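Have a look at the structure below before the remarks.
All ligand and atom numbering here is 1-based and tracks the order in the structure. None of these values were measured; they are calculated from a predicted model.
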Amino acid sequence: MTSSIAPREARIRRALDHLRNQTTDDYGSIGSFEATDFTDPGIAARERDLVFGRVPSIVAHTSELPEPQDFLTLRMPRNQIIVVRQKDGGVKAFVNLCRHRGALLEEREKGRCRLFSCGYHRWSYDTDGSLRTVTRGSTFGEIDRADHGLVELPTQERHGFIWLVDDADADIDVADWLGPDMDGVLAQYGLADLVAFQAEGFEEPVNWKIMQDAFLDGYHIQYAHPNTAAKHVHTNVQAFEDFGRHCRFIAPRKTIDRWIDEDPGDRSLAKDVIETHFLMPNSTLLRQPDHFQLLTFRPHPKDPGRSRMEMRLIVPKVEDSGMDEESWSRLWAKNWKILLAVLHQEDFPLLRGSQSGMESASAGPMLLGRNEIANHVFHRELRRLTQETP
Ligand code: FES
Ligand SMILES: [Fe+2]
């Protein structure tokens, strides 16, 4: 039946077969972990340096910086950052710190500006990072301005996202990090032609891995989200692909149910599934039938018990949507509101509880089932990065 259909449709049919048989792809073994993974300051320091300080992670969608001189600021685990669109259309990232006496240079979350101007003694910097003005220069003394520009971080735009390595001395090669499989997958999606309808961050008193784990988890849906997500998506059914560093899996939506007893033939079932991509180290990209959601998770710079989640709803531009602007806005605003409600009312309270539980001195070891397959990949790859000797 599946011999002549597209590979994705074949994977969807594999998910459908799992649904029929009440099975799922699995990891092959049960894993165990310790509560201290989420509380230990030494582990958190290794993650900051050996993960975020070494490998690219997504910080924004391309559409969030549409014009030259558009900028956004963020706190990475190791640096305060400014990301800014250049006059030539490229993107640069800098440490958000004045090279005079270290004031936070740009305090706004985002905006557009010709110069970054420090609030302390009003030194100013071009959007390409070069030091433009030293106020009262004749009394300050002679300096070579070329040596005192903003400190640049490696950044790159690829597949509609802005990626960054959180270390000024690191190199960045996103294609190499993604590997040919995931790079090819993302290339097909045309994410650069879409737009981030909304991007918002949430600071939570929860370790970033507890957060990331929850958004790779197809096992909790029916139990934690019985009246919301579970009405639309099947629990614990996954057709999985492990790409070695990143992975993806298809989960059936409930609209597929009519094909449980009936043969769908070679018709497309693309509208009947959600495909989840895990992009190591800290992103979940959900491909819905008509849009994407990107969820990213970042450790707090100091406290292992805190993190920031960012959510982005990435959708076709209004002019490509076949809708007028008002209907387009109404549709995605409604979608966003539903997502927020599930996060704030269902996921976050559960995960805050999880963090406080993990802080128990006698927590004892815990388990990851064979069915929690993407979580295995996440923790396996994290071990690979944090346990290699620098
Ligand atoms: S610290 Fe920025 S101008 Fe002095
Ligand atoms: Fe959830």
Item to check | Shortest non-hydrogen contact from Leu164 toward Ala93 | outcome: CD1-CB, 3.3 Å

Checklist entry - For Ala199 and Glu64, which heavy atoms make the closest approach, and how far apart are they? => result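 For Ala199 and Glu64, the tightest heavy-atom pair comes out as CB-OE1, 3.6 Å.
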
Which of the atoms of ligand 1 are close to [X], meaning less than 4.0 Å from one of its heavy atoms?
| X | answer |
| --- | --- |
| Cys98 | 1 (S), 2 (Fe), 3 (S) |
| Arg122 | 3 (S) |
| Trp123 | 3 (S) |
| Arg101 | 1 (S) |

Item to check | Carboxylate-amine/guanidinium proximity below 4.0 Å for Arg352 and Glu204 | outcome: yes

Next on the checklist: Check Asp49 with Arg78, please: is the shortest side-chain N to carboxylate O separation under 4.0 Å?
Outcome noted: yes

Item to check | Atom nearest to the Fe ion (ligand 2) - Asp347, N, O or S atoms considered | outcome: OD1

Item to check | Proximal candidate to atom 2 (Fe) of ligand 1 [heavy atom criterion; set Ser124, Cys118, Gly119] | outcome: Cys118

Checklist outcome for this item: For His121, the N, O or S atom at the shortest distance from atom 4 (Fe) of ligand 1 is ND1

Checklist entry - How is the N/O/S atom of His100 that comes nearest to atom 4 (Fe) of ligand 1 named? => result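 Minimum-distance N/O/S atom of His100 relative to atom 4 (Fe) of ligand 1 is ND1.
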
Checklist entry - Which class fits the ring pair His277 and Tyr189: parallel under 30°, tilted 30 to 60°, perpendicular over 60°? => result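 Correct class here is perpendicular.
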
Item to check | N, O or S atom of Asp217 closer to the Fe ion (ligand 2) than 2.8 Å | outcome: no

Checklist entry - Crowded around Glu319 CD? As in, over 12 foreign heavy atoms under 6.0 Å? => result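 More than 12 heavy atoms, drawn from other residues, nucleotides or ligands, come within 6.0 Å of this atom.
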
Next on the checklist: Tell me whether the count of non-hydrogen atoms from other residues, nucleotides or ligands lying under 6.0 Å of NZ in Lys302 goes above 12.
Outcome noted: no

